[in-house]
Novice: 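Okay, handing you the structure first.
Whatever order the structure lists them in is the order used to number ligands and atoms, beginning at 1. These numbers come from the heavy atoms of this one structure, side chains and all, not from hydrogens, waters or symmetry mates.
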Amino acid sequence: MKDLITKIQQLKSEKQAIILAHNYQRPEIQEIADYVGDSIELSRKAMEEKDAKIIVFSAVDFMAQSAAILNPTKKVLLPTLGARCPMAQMLTVDEIQHAKKRYPKAPVVVYVNTLAEAKAYSDICCTSANAVEVINSLDAETILFGPDRNLAEYVAEKTGKKIVPIPEWGFCPTHLLFQPEDVTILKQQYPQAVVMVHPECSAEMRKTADYIGSTSKMCKYAKASKAKTFIVGTEEGILHRLRKENPDKQFIIAYADAICPNMKLTTLDRVYTSLKEEKHIIEVPEPVAKKARVALQQMFEVKS
Ligand code: 13P
Ligand code: SF4
C-alpha cells in the first residue's frame with residue numbers, strides 16, 4: 001500500500017494533479033486526497049482550482065460532472081465509471097417536463113445528486129447543506145423539487161412551502177437503510193449520545209435527530225459540540241473523518257451496513273490507474289454544461 005501511495009504522489013506532482021475526495025470515500029482515499037468534503041465544498045474547490053491541470057474526483061458520477069461543468073478547462077477524471085449514484089439516475093428530463101406542465105409557474109430546484117441534463121432543465125441546484133436557504137431564496141410558494149423525496153419533505157417542513165417531489169419517490173438506497181428502532185436501542189446503551197442524521201434519511205429517522213445536516217456540517221457540528229458520544233445516521237465513510245478530527249470523542253454508526261457501494265468503488269489501485277492512463281475523462285457537452293452551470297452558479301449566489 002505504501003508503494004502505491006508513493007507512486008500516486010509521484011504521478012500527482014508529475015502531472016500537476018489534485019485529488020478531491022468525498023466524505024464517504026475509503027479511509028486510504030481520504031488520506032491521499034488534497035481535500036475531503038461534502039458535495040458543495042468539493043464543487044466549490046473544483047470551481048476555484050487554478051493551478052492543477054487534472055482533478056481526480058474520488059466520489060460518484062454527478063460530483064465529477066459538476067466539477068467538469070464548473071471548471072471546463074481542467075481534465076476531470078473519475079477513477080471508475082461504475083461509481084454512479086443511483087439517486088442521480090432517478091430524475092429524468094421527461095419527468096421535469098411533465099411536472100412543469102402540471103405546475104407551469106413553479107421553479108424547478110434540483111438536488112446536486114442529478115445528472116447534467118436534469119440540472120440543465122432546472123432553475124437552481126441545491127445540496128443538503130443549503131437546500132433550505134435555496135428554497136427560501138425563491139419568490140414562489142410552490143416549488144418542484146427532485147429527486148430526493150426525503151430531502152423534499154425536510155425542506156417543506158423547514159420552509160412551510162409546498163414542495164412537489166419529482167419523481168414522486170426518489171430516494172437514496174443507502175440512507176433508506178437507517179431505521180429509528182436502531183437509534184432507540186443505541187440510546188439505551190448510550191443515553192447521553194447526540195444523534196446526527198443526514199436529510200436523505202426518512203422522516204421517522206429524522207425525528208430521532210438532535211442535528212440534521214450535510215456530511216461536512218455534521219463534522220463541524222461534532223467538532224463544536226461539548227458532547228462526547230455521537231450516533232451517526234449517514235454513510236459509514238464519514239466515521240474516518242469524524243474520528244480523526246475528534247480523537248477524544250466516540251462515534252457510533254446507527255446502522256453498520258449502511259454502505260454506499262458506489263462510493264466504495266474507488267480504490268487506491270483505481271486512483272493510480274486513473275492518474276497513469278488519464279481516464280476516465282468526464283466531459284459534459286457544452287450546450288448542456290452551459291445551462292447546468294447557470295443552475296449551479298445560482299446556487300453559489302445563495303448565502304447559507
Ligand atoms: P453531502 O453533500 O452531505 O456530502 O451528501 C452527498 C450525498 O451523496 C449524500 O448521500
Ligand atoms: Fe448516491 Fe446515496 Fe451513495 Fe449518496 S449515499 S452517492 S445519494 S447512493
Novice: Students should be able to answer this: which protein heavy-atom is nearest to atom 6 (C) of ligand 1, and at what distance?
Specialist: His22 NE2, 3.7 Å
Novice: For atom 7 (C) of ligand 1, which of the options Glu200, Glu41, Met218 provides the nearest non-hydrogen atom?
Specialist: Glu200
Novice: Looking only at protein heavy atoms, identify the closest one to atom 1 (P) of ligand 1 and say how far it is in Å.
Specialist: Thr215 OG1, 3.6 Å
Novice: Could you count the protein N, O or S atoms found under 2.8 Å away from atom 1 (Fe) of ligand 2?
Specialist: 1
Novice: Does the side chain of Glu31 come under 3.5 Å of the side chain of His240 through a donor N or O and an acceptor N or O?
Specialist: yes
Novice: Give the C-alpha distance, both sets of side-chain angles, the deciding distance and a yes or no for side-chain contact (heavy atoms from CB on, under 4.5 Å) between Met205 and Val183.
Specialist: CA-CA 8 Å; Met205 190 62 196; Val183 177; 3.3 Å; yes
Novice: Any atoms of ligand 1 less than 4.0 Å from a non-hydrogen atom of Tyr24? List them with their elements.
Specialist: 7 (C), 9 (C), 10 (O)
Novice: Show which side-chain atoms of residues 40-50 pair as donor or acceptor with protein atoms under 3.5 Å away, not counting sequence neighbours.
Specialist:
residue : atom : partner : partner atom : Å
Glu41   : OE1  : Asp38   : N            : 3.1
Glu41   : OE1  : Ser216  : OG           : 2.5
Glu41   : OE2  : Lys220  : NZ           : 3.3
Ser43   : OG   : Ser39   : O            : 3.1
Glu49   : OE2  : Asp51   : N            : 3.2
Glu49   : OE2  : Ala52   : N            : 2.9

Novice: Hey, does His175 sit under 4.0 Å from ligand 1 if you only count heavy atoms?
Specialist: yes
Novice: Hey, can you tell me if His175 and Tyr24 have their rings parallel, tilted or perpendicular (30° and 60° cut-offs)?
Specialist: tilted
Novice: Considering both backbone and side-chain atoms of Ser214, is one of its nitrogen or oxygen atoms within less than 3.5 Å of a nitrogen or oxygen in ligand 1?
Specialist: no
Novice: Which atom names give the shortest non-hydrogen contact between Cys85 and Asn113, and what distance separates them?
Specialist: SG-ND2, 4.1 Å
Novice: Sorted by first residue and then second, give each salt bridge (charged side-chain N to carboxylate O under 4.0 Å, His left out) pair with at least one member in residues 280-289; sequence neighbours left out.
Specialist: Glu286-Arg293
Novice: Considering only heavy atoms of Asp38, which atoms of ligand 1 have at least one such atom less than 4.0 Å away?
Specialist: 1 (P), 2 (O), 4 (O)
Novice: May I have the step-by-step check of side-chain contact (heavy atoms from CB on, under 4.5 Å) for Ile282 and Leu81, ending in yes or no?
Specialist: CA-CA 9 Å; Ile282 301 300; Leu81 282 180; 4.1 Å; yes
Novice: Does Asn23 have a non-hydrogen atom less than 4.0 Å from ligand 1?
Specialist: no
Novice: Can you check side-chain hydrogen bond (donor to acceptor under 3.5 Å, both in side chains) on Thr184 and Asp182, steps first, answer last?
Specialist: CA-CA 5 Å; Thr184 310; Asp182 297 327; over 6 Å; no
Novice: With salt bridge (Lys or Arg N to Asp or Glu O under 4.0 Å) as the test, would you mind laying out the steps for Glu236 and Lys264 before giving the verdict?
Specialist: CA-CA 11 Å; Glu236 62 85 47; Lys264 299 311 196 236; 3.0 Å; yes
Novice: At a non-hydrogen distance cut-off of under 4.0 Å, which region of Thr127 contacts ligand 1 (side chain, backbone, both, or neither)?
Specialist: neither
Novice: Quick one: do the Asn130 and Ser304 side chains pair a donor with an acceptor below 3.5 Å?
Specialist: no
Novice: State if Met87 counts as touching ligand 1 under the rule of any non-hydrogen atom under 4.0 Å.
Specialist: no
Novice: Just jot down the ligand 2 atoms closer than 4.0 angstrom to any heavy atom of Glu200, in number order.
Specialist: 2 (Fe), 7 (S)
Novice: Mark up the atoms of ligand 1 that fall under 4.0 Å of a heavy atom belonging to Asn113, in ascending order.
Specialist: 7 (C), 8 (O)
Novice: Where's the contact between His198 and ligand 1, heavy-atom distance under 4.0 Å: side chain, backbone, both or neither?
Specialist: side chain
Novice: Give every donor-acceptor pair under 3.5 Å between a side-chain atom in residues 95-107 and any protein atom, sequence neighbours left out.
Specialist:
residue : atom : partner : partner atom : Å
Gln97   : NE2  : Tyr121  : OH           : 3.3
Lys100  : NZ   : Ala106  : O            : 3.1

Novice: Which residue, Val155, Asn150, Leu151, forms the side chain to side chain contact (heavy atoms under 4.5 Å, CB included) with Glu153?
Specialist: Asn150
Novice: With a cut-off of 4.0 Å, which atoms of ligand 1 are near a heavy atom of Ser39?
Specialist: 1 (P), 2 (O), 4 (O)
Novice: May I ask whether Ser128 places a heavy atom under 4.0 Å from ligand 1?
Specialist: yes
Novice: What closest approach, in Å, do Ala59 and Leu78 show between heavy atoms, and which atom pair accounts for it?
Specialist: O-CD1, 3.9 Å
Novice: Show, in sequence, the C-alpha distance, side-chain angles and deciding distance for Ser58 and Ile19, and conclude whether the side-chain contact (heavy atoms from CB on, under 4.5 Å) test is met.
Specialist: CA-CA 7 Å; Ser58 297; Ile19 300 176; 3.7 Å; yes
Novice: Do me a favour and list the nearest non-hydrogen protein atom to atom 4 (Fe) of ligand 2 with residue, atom name and distance?
Specialist: Tyr24 CE1, 4.0 Å
